[in-house]
Structure formats: C-alpha cells, structure tokens
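Every value quoted in this text rests on a predicted model; they were computed, and no experiment measured them.
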Amino acid sequence: TPRTRMRSTKEVIVAVGGELPHHRVSNQVMILDELDFTWKELTRMPLKRVDHCVAVLNHFLYVVGGQVTLNSNGKESIGTVHRYDPCFNKWLQMCPMQQRRAFFFLTALNSCLVAIGGKNEQGALASVEIYNPSENRWKYVHRLDEPSYALSGTVVNGQMYVTGGFASHNFSQMCYQYDEHSDHWLPKCKMSIARGFHMTCSVRGMMYV
C-alpha cells in the first residue's frame, strides 16, 4: 500500500555465491562499496550455490536453483528458491521450482519470475516455468523448441528474449522472443556467432550479447 511503499532506494552491485579458490562453493553475498572501491560481505545465503541465477523483483533479491557442488553434469542441481529482504536483512525460503535447474536463465517479467531451460540429472531441459510471488507458486508455460542450457536472455521494452545456449550437441545462434498473450516463442534474427555460457543485457532499448 502507499503507507508501506519504499521511500528511498539505493542502487548497488552485489555478487552472489559462486566458486571460490580450491574448488569450494560460496554462500557469501558481497556488496561493492563504491566510496573506497572494495567488496564487503553483505550477508550469507542459507545454502552454498554455484551455477545458479538471481533476479530482483519488488525490491527483493531472489536466488534460484543452481548446484551445491562443482558438478558439470547437473546431477547436484537444486530447485530451491530463497528471497532476501535488504530492509530487514532476512532470508525466506519460497516455493521451489517444479524442476531442479542449473545453467539456466532467470529474469523478472511483469511482476513474476521466469525460469528457462537449464540442466539437471535428466540432461538439458526445454521446460519454462513462471513464479507468481502473490501466490508463491510456480506454473509451467510453453516449452522451448528444444532442450537447452547455458543460455542467456534479457528484457527489452517489456519483452523477454533468450539467446544462444547449448542444444543438439552444439552451441546455438538462436534468438527467441516470448509472447505472453499467445504463450509461444517467436524466432527472431539469429546471432552471427553461436554462443553459450554468455551474458545478455539491455541498454537504452537495445540488446547486447
């Protein structure tokens, strides 16, 4: 409500989990202090994670899926979802995804979270699921054309796109846009180079890979 709406926000950069030296997995959340150019510990996640995804939705930080060990075949993947509240420095475990995922793509779209593709003990995944925070529930939507992991994506002008990934034993040049109204994936102009384990972002209405 207007009485509980955020009165002040500060944009910051955080680094969440990942791999540490000596093949260890981290549960640290580090924050960049721009005044003295150092990284400082903000908090610690309830679980150590690597190959996971993060997204910001409604001023909460969501940490989703990934693996608890350094295992490239996805057998140690998890579907666990934790939400961090920066106002009160508290973690809350939310409804887990319906499929365990690592090496997937996650984004916030129209007050929901969308988890796409990835990999678990079954291999590469084509499934796509959407999380509604008001219901604390995940539901499946239209699948990708083929199973894919190590893909990336972004939201441009309210439209979600995914790019690349590892599918059919090769890295992909694909680019798809998700149409919420028809619940279908629309093929777009392919990238000039096949990519996987890459990053995609949007700046001023343009998409960069």
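Side-chain atoms of Q173 come within 3.5 Å of backbone N or O of M191 as a donor-acceptor pair. Of the possible donor and acceptor atoms, one in the side chain of D183 sits under 3.5 Å from a partner among the backbone N and O of H142. N58 contributes no side-chain N or O that, together with a main-chain N or O of F60, makes up a donor-acceptor pair within less than 3.5 Å. A distance-only check finds a donor-acceptor pair linking the side chain of S26 to the backbone of Q28 [under 3.5 Å]. The backbone N or O of Q98 lies less than 3.5 Å from a partner atom in the side chain of E129, making a donor-acceptor pair. Looking only at distances, no side-chain donor or acceptor of W185 sits under 3.5 Å from a matching main-chain atom of D145. H181 places no side-chain N or O within 3.5 Å of a backbone atom of D179 that could act as its donor or acceptor partner. Distance alone, capped at 3.5 Å, is enough to place a donor-acceptor pair between the R101 side chain and the G117 backbone. Within the 3.5 Å criterion, the main-chain N or O of S152 finds no donor-acceptor partner in the side chain of T200. Between the N71 side chain and the E76 main chain, no donor and acceptor come within less than 3.5 Å of each other.
Minimum interatomic distance between C95 and V81 (heavy atoms only, all atoms of both residues): O-CG2, 3.5 Å. In plain terms, the two heavy atoms of S148 and G164 that are nearest each other are OG-O, 3.9 Å. Considering every non-hydrogen atom in both F171 and A194, the closest pair reads O-CB, 3.5 Å. Smallest separation of non-hydrogen atoms from Y149 and A124: CD2-CB, 3.7 Å. Taking all atoms of both residues into account, the shortest heavy-atom contact from K188 to Y161 is CG-CE2, 4.3 Å. The nearest pair of heavy atoms linking K190 to M174 is CG-CA, 4.5 Å.
Here the straight-line distance linking atom CD of Q122 with atom CG of N120 works out to 4.5 Å at 0.5 Å rounding. Rounded to the nearest 0.5 angstrom, T69 OG1 and R24 CZ are separated by 15.0 Å. Separation of atoms CG (D85) and CG (L61) is listed at 10.5 Å; rounding is to 0.5 Å. Taking CZ of F105 as the start and OG1 of T163 as the end, the distance is 8.0 Å to the nearest 0.5 Å. Note: H184 NE2 to Y176 OH = 12.0 Å, rounded to the nearest 0.5 Å. I78 CD1 to L47 CG: the interatomic distance, rounded to the nearest 0.5 Å, is 5.5 Å.
In this structure the side chain of P147 never reaches within 4.5 angstrom of the side chain of K119, judged on heavy atoms. Contact annotation: the side chain of I130 never approaches that of Y140 to less than 4.5 Å [non-hydrogen atoms, C-beta and beyond]. Between I13 and I31, every side-chain heavy-atom pair lies at or beyond the 4.5 Å cut-off. Between F197 and F166, every side-chain heavy-atom pair lies at or beyond the 4.5 Å cut-off. A 4.5 Å side-chain heavy-atom check between M199 and V209 finds every atom pair outside the cut-off. Within the 4.5 Å cutoff, the side chain of V114 has no heavy atoms near those of the L106 side chain. For the pair L125 and Q99, the minimum side-chain heavy-atom distance is below 4.5 Å. Contact check for F103 versus L151: no side-chain heavy atoms found under the 4.5 Å cut-off.
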**Request:** Apply side chain to side chain contact (heavy atoms under 4.5 Å, CB included) to the pair Q159 and L109, showing each step before the final yes or no.
**Result:** CA-CA 8 Å; Q159 301 295 321; L109 179 69; over 6 Å; no
**Request:** Might you work through the side chain to side chain contact (heavy atoms under 4.5 Å, CB included) test for M94 and N136, ending with a clear yes or no?
**Result:** CA-CA 7 Å; M94 313 305 287; N136 190 30; 3.7 Å; yes
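With 3.5 Å as the limit, one finds no donor-acceptor pair spanning the side chains of N170 and S168.
Cluster membership for L20 and W39, using ILVMFWY side-chain heavy atoms within less than 4.5 angstrom, is not shared. Side-chain heavy atoms closer than 4.5 Å link hydrophobic residues (I, L, V, M, F, W, Y) into clusters, and following such links, possibly through other members, connects L144 to V141. No continuous path of ILVMFWY side-chain contacts below 4.5 Å connects V128 to Y131, so the two sit in separate hydrophobic clusters. Both L42 and W91 are members of a single hydrophobic cluster when ILVMFWY side chains are connected at heavy-atom separations under 4.5 Å. Y62 and M45 fall into different hydrophobic clusters, where Ile, Leu, Val, Met, Phe, Trp and Tyr are joined by side-chain heavy atoms under 4.5 Å apart, directly or via other members.
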Per-pair distances, 0.1 Å, donor-acceptor, side chain in residues 49-57, under 3.5 Å, sequence neighbours excluded:
from	atom 1	to	atom 2	distance (Å)
R49	NH1	G65	O	2.7
R49	NH1	T80	O	3.2
R49	NH2	T80	O	3.4
R49	NH2	H82	ND1	2.8
D51	OD2	Q67	NE2	2.9
H52	NE2	V16	O	2.8

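Salt-bridge check for K48 with E19: failed, with every basic side-chain N at 4.0 Å or more from each acidic carboxylate O. Taking a cutoff of 4.0 Å between a charged side-chain nitrogen and a carboxylate oxygen, D33 and K40 qualify as a salt bridge.
Residue E41 places its CD atom among more than 12 non-hydrogen atoms of other residues, nucleotides or ligands, all under 6.0 Å distant.
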